[in-house]
Structure formats: structure tokens, C-alpha cells
Amino acid sequence: MEVLNVIVAAAAAYVFGAVWYMKLAEPWMAAAGIEKGPDGRPKGAGNPMPYVISAISLLVVAGMMRHVFGMASIDSVGKGIAAGFGLGAFVATPWIVTNYAYSSRPRNLTLIDSGFATIGCTIIGLVLSLF
């Protein structure tokens with residue numbers, strides 16, 4: 001059951017990420033400096049590896065969050081949402097901000113990617129606490 005819980009949580013965050021980045025595609029590509037192809041999509045968008053890596057990464061995040069939730073006795077929806085938000089906002093986001101600051105990445109890129117990390121972790125926390 002725990003494995004299914006992790007897979008569903010990772011899938012929920014993955015679907016959210018797809019919607020998030022579709023809605024923010026234009027500002028994200030501009031901030032990331034990614035060239036558009038003739039179809040308006042990022043050049044090289046046909047490469048499946050970023051999607052595979054993203055799915056695997058979200059499974060790793062959801063799996064670790066499941067482990068932490070078990071150790072911390074996070075056993076309600078409210079606690080799951082709060083813990084997920086906290087991990088996204090106060091663990092993942094500061095790493096993104098630090099990396100982007102050192103590489104002089106645009107603030108808009110930081111906000112878009114940090115927003116995904118925070119909301120994605122919140123969604124994982126919600127889903128993990130439902131099972």
C-alpha cells in the first residue's frame with residue numbers, strides 16, 4: 001500500500017507540474033533563456049529524458065516524504081498539507097533560490113520553479129496523508 005501511495009502522490013505532483021509549466025510556458029522559457037522552435041514549443045522538446053527524469057525525481061521526493069511522515073507521525077490531512085508546504089517552501093525553495101542566485105538566473109525563473117517545488121510538495125503531502 002505504501003508503494004501505491006508514493007506512486008499516486010508523485011503522479012499527482014507530476015500532473016500539477018505539467019499544468020503549471022503549460023500555463024507558465026512563455027514566461028518560463030523567456031526567463032530560462034530557452035529558444036522556441038517553429039511550433040512555439042522549446043527547441044528539442046521531443047526529447048523524453050526530461051520527463052523521465054522528472055517522474056523519477058518526484059518518486060524519490062514522494063518516497064522520502066512518506067518516510068519522513070511515518071517517522072514524524074504525520075497522520076492527518078492538515079498535517080500532511082502543512083508538512084508538504086513546509087518542505088517545499090523551507091527546504092526545496094531555498095536550494096533553488098541559492099543555486100539561481102549564484103548562477104545569476106532571473107527572478108521570474110526562481111519564482112516559477114520555486115512555486116512548483118512548494119505547491120508540488122504540498123500536493124504530495126496532501127496525497128500521502130489521504131492513505
Side-chain angles (χ1 to χ4, degrees):
M1 188 64 155
E2 295 300 321
V3 172
L4 179 61
N5 191 0
V6 168
I7 292 169
V8 172
Y14 188 92
V15 169
F16 167 72
V19 172
W20 180 260
Y21 284 105
M22 279 191 283
K23 294 288 184 187
L24 298 170
E26 290 293 325
W28 180 81
M29 286 191 297
I34 294 173
E35 291 184 50
K36 288 185 201 176
D39 60 359
R41 296 179 64 211
K43 280 191 173 178
N47 181 359
M49 283 312 295
Y51 303 101
V52 171
I53 291 167
S54 176
I56 293 168
S57 295
L58 286 169
L59 281 168
V60 169
V61 170
M64 188 62 200
M65 285 178 64
R66 175 73 256 153
H67 176 69
V68 169
F69 281 21
M71 291 181 65
S73 299
I74 296 170
D75 55 5
S76 71
V77 172
K79 288 179 183 179
I81 291 170
F85 175 82
L87 289 168
F90 302 110
V91 177
T93 291
W95 281 107
I96 292 168
V97 170
T98 299
N99 290 336
Y100 287 9
Y102 277 109
S103 59
S104 300
R105 304 295 285 173
R107 182 179 347 173
N108 223 19
L109 183 63
T110 303
L111 294 172
I112 292 168
D113 290 345
S114 295
F116 170 62
T118 298
I119 299 169
C121 283
T122 304
I123 289 169
I124 290 171
L126 167 65
V127 174
L128 290 176
S129 65
L130 291 175
F131 287 81

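When reading the values below, keep in mind they use all heavy atoms of this one structure, side chains included, and skip hydrogens, waters and symmetry mates. This one's a predicted model, so the numbers in the text were calculated from it and none came from an experiment.
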Checklist entry - Looking only at heavy atoms, what is the nearest atom pair of Asp113 and Ile96, with distance? => result O-CD1, 3.9 Å

Checklist entry - Only one of Val61, Leu59, Ile53 forms a side chain to side chain contact (heavy atoms under 4.5 Å, CB included) with Ser57, so which one is it? => result Ile53

Next on the checklist: For a quick test of reading the model, state the closest non-hydrogen atom pair linking Pro27 to Asn108 and the distance between them.
Outcome noted: CB-ND2, 3.9 Å

Checklist entry - Do you know the tightest heavy-atom contact between Ser129 and Ser76? => result CB-O, 3.3 Å

Checklist entry - Could you give all pairs that pass the ring pair (Phe, Tyr, Trp, His ring centres under 6.0 Å) test and reach residues 21-58, with sequence neighbours left out? => result Tyr21-Trp28, Tyr21-Phe116

Checklist entry - What pairs meet the salt bridge (charged side-chain N to carboxylate O under 4.0 Å, His left out) rule with one or both residues in residues 80-109, with sequence neighbours excluded? => result none

Checklist entry - Under the side chain to side chain contact (heavy atoms under 4.5 Å, CB included) criterion, do His67 and Glu2 qualify, and how do the steps go? => result CA-CA 10 Å; His67 176 69; Glu2 295 300 321; over 6 Å; no

Item to check | Which atom of Pro42 lies closest to which atom of Met29, heavy atoms considered | outcome: CG-SD, 3.4 Å

Next on the checklist: Minimum heavy-atom separation for Ala12 and Val127, please, with both atom names.
Outcome noted: CB-CG2, 3.9 Å

Checklist entry - Looking only at heavy atoms, what is the nearest atom pair of Leu126 and Val77, with distance? => result CD1-CG1, 3.6 Å

Sequence neighbours excluded and cut-off under 3.5 Å, please list the side-chain donor-acceptor pairs for residues 79-93, or say none.
from: Lys79; atom 1: NZ; to: Asp75; atom 2: OD1; distance (Å): 3.4
from: Thr93; atom 1: OG1; to: Gly88; atom 2: O; distance (Å): 2.9
from: Thr93; atom 1: OG1; to: Ser114; atom 2: O; distance (Å): 3.4
from: Thr93; atom 1: OG1; to: Thr118; atom 2: OG1; distance (Å): 3.0

Checklist entry - To the nearest 0.5 Å, how far apart are OH in Tyr14 and CD1 in Ile124? => result 13.5 Å

Checklist entry - Any sub-3.5 Å donor-acceptor pair from Thr98's side-chain atoms to Pro94's backbone N or O? => result yes

Checklist entry - Are Phe131 and Phe16 linked, directly or through other ILVMFWY residues, by side chains that come within less than 4.5 angstrom of each other? => result yes

Checklist entry - When clusters are formed by joining ILVMFWY residues with side-chain heavy atoms under 4.5 Å apart, either directly or through shared neighbours, do Leu111 and Val97 land in the same one? => result no

Next on the checklist: If you apply the rule side chain to side chain contact (heavy atoms under 4.5 Å, CB included), what do you find for Ile123 with Ile119, and how did you get there?
Outcome noted: CA-CA 6 Å; Ile123 289 169; Ile119 299 169; 4.0 Å; yes

Checklist outcome for this item: Rounding to 0.5 Å, atoms CD1 (Ile7) and CZ (Arg66) come to a distance of 13.5 Å

Checklist entry - Do Val68 and Met71 belong to the same hydrophobic cluster, where Ile, Leu, Val, Met, Phe, Trp and Tyr are linked whenever their side-chain heavy atoms lie under 4.5 Å apart, directly or via other members? => result no

